[in-house]
Number of protein chains: 2
Amino acid sequence: MESIPERVFDKLAEKNIKPSFHRIKVLEYLMVNKNHPTVEQIYSSLKKLFPTLSKATIYNSLNLFVEKGLVQPITIEETEIRYDSTVESHGHFKCECCRKIYDFGIDIDSIPSSGLDNFIIYSKEIYYRGICRNCADVKSSQRS
Amino acid sequence: MESIPERVFDKLAEKNIKPSFHRIKVLEYLMVNKNHPTVEQIYSSLKKLFPTLSKATIYNSLNLFVEKGLVQPITIEETEIRYDSTVESHGHFKCECCRKIYDFGIDIDSIPSSGLDNFIIYSKEIYYRGICRNCADVKSSQRS
DNA sequence: GTTTGTATTTATAACCGTTATAAATTTATA
DNA sequence: TATAAATTTATAACGGTTATAAATACAAAC
Ligand SMILES: [Mn+2]
Ligand SMILES: [Mn+2]
Ligand SMILES: [Zn+2]
Ligand SMILES: [Zn+2]
């Protein structure tokens, strides 16, 4: 079992991205924190560890990672982009109540679609919205 | 077969939205132009017909329609929201080349998913990205 | 080791889609 | 007609993202 620091290096090397100090930290953050963080969340967390860090570096790194297919942007929010280092097929559920974004299992490629003959498909995203189990529980217990 | 103006009235009445002049025009625009227009596109088109129109009215109307479930916001773009008066199950494909957003057929509710037990699902969105048939044709003919 | 060129990071201004606010106008009610 | 409520307008404010140029770090050549 490879450790996260090792995997960070491998992933960067795999995509021919020079492993600068900050890039390593940003990718590592995403691989440790799988809760689809925003730029602001990544920035404020890493800023505590490295006070000279600039927010532009977060944008630079993330845009590079997305361009190279290392990281997936999640546009389920209308206001800001979230980032996910898991690029394998899975769906995202946003709870309208607690705003948390959950992963869920779904095999996107097994889904039949029509009207896309001769279209070249690069990526597929599935977004569900609603109320998560935790929030639904709270609501139903409030009712009783 | 009901005409679009009739359907506009019915849809607004169905959701208890007062059919003001501008709301009718905005919804009518969305039902005629099924190309998932942005606020700017709706505004500049209607502004030509009604020069006193304010962009805030477009935002007001669309936000009301979305809130009432009459219109679906499409967040496939990172920069701006697009709007769709078709709320029935279908997917959206964005061509990275010509930027056009296509509808495609997909039965979202037939897709099995895991990890969402006891989650309450309000809406489902499916976004694909890639190169549309037209752009793929152009590219392959350029190669030859 | 020093010089020179390149890549990365930093700091900050600019951009732009959206929201908030208050005044003006229209519509409904008494 | 007078009054209240709803809608529209105009515009300022907000906030996430991008653009820009200077500063710093890194690498290659000498
Ligand atoms: Mn995820
Ligand atoms: Mn559509
Ligand atoms: Zn929740
Ligand atoms: Zn195209």
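Just so it is clear, the model here is predicted, and its values are computed rather than measured.
In this entry the distance linking CG of A/Leu62 with P of D/dG16 reads 15 Å, nearest Å. In this structure, A/Tyr43 places its OH atom 14 Å from C1' of D/dG16, rounding to the nearest Å. Atoms CZ (B/Arg23) and C1' (D/dT8) sit 10 Å apart, rounded to a whole Å. Atom-to-atom, NZ of A/Lys18 to C1' of D/dA25 comes out at 11 Å; the value is rounded to the nearest Å. Across the protein-nucleic acid pair, A/Asn60 atom CG and D/dA22 atom P stand 17 Å apart, rounded to whole Å. At whole-Å resolution of the value, CG in A/Leu53 and C1' in C/dT8 are 13 Å apart. Between B/Phe21 atom CZ and C/dA28 atom C1' there is a gap of 19 Å when expressed in whole angstrom units. Rounded to an integer number of Å, the gap from B/Ile24 CD1 to C/dT27 P is 11 Å.
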With B for base contact, S for sugar-phosphate-only contact and - for none (protein heavy atoms under 4.0 Å), nucleotides 17-22 of chain C reads SBB---
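Ring centroid separation for the pair A/Phe21 and A/Phe50 comes in under the 6.0 Å cut-off. Annotation: A/Tyr102 is in aromatic contact with B/Phe119 [ring centroid separation under 6.0 Å].
Among the protein residues, B/Thr52 comes within range of the sugar-phosphate backbone only, with heavy atoms under 4.0 Å from sugar or phosphate atoms but none that close to a base. If you check every strand for non-hydrogen atoms under 4.0 Å, A/Thr57 touches a base.
The structure places CD of A/Gln72 at 9.0 Å from CD of A/Glu88, a figure rounded to the nearest 0.5 Å.
One N or O on the side chain of B/Tyr127 and one on the backbone of B/Thr75 form a donor-acceptor pair closer than 3.5 Å.
With no hydrogens or angles considered, no side-chain donor-acceptor pair links A/Asn60 and A/His22 at under 3.5 Å.
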Report the C-alpha separation of B/Glu78 and B/Arg129 in whole Å, then their side-chain angles, then the decisive distance to 0.1 Å, and conclude whether the salt bridge (charged side-chain N to carboxylate O under 4.0 Å, His left out) test is met. CA-CA 13 Å; B/Glu78 304 77 21; B/Arg129 290 168 213 277; 3.6 Å; yes
Can you check salt bridge (charged side-chain N to carboxylate O under 4.0 Å, His left out) on B/Glu28 and B/Lys25, steps first, answer last? CA-CA 5 Å; B/Glu28 195 171 69; B/Lys25 292 303 169 188; 3.7 Å; yes
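Searching all strands for a Watson-Crick or G-U wobble partner of D/dA23 with both distances below 3.5 Å returns C/dT8.
Contact between the side-chain N/O atoms of A/His22 and the OP1/OP2 oxygens of D/dA25 is not found at any separation under 4.0 Å.
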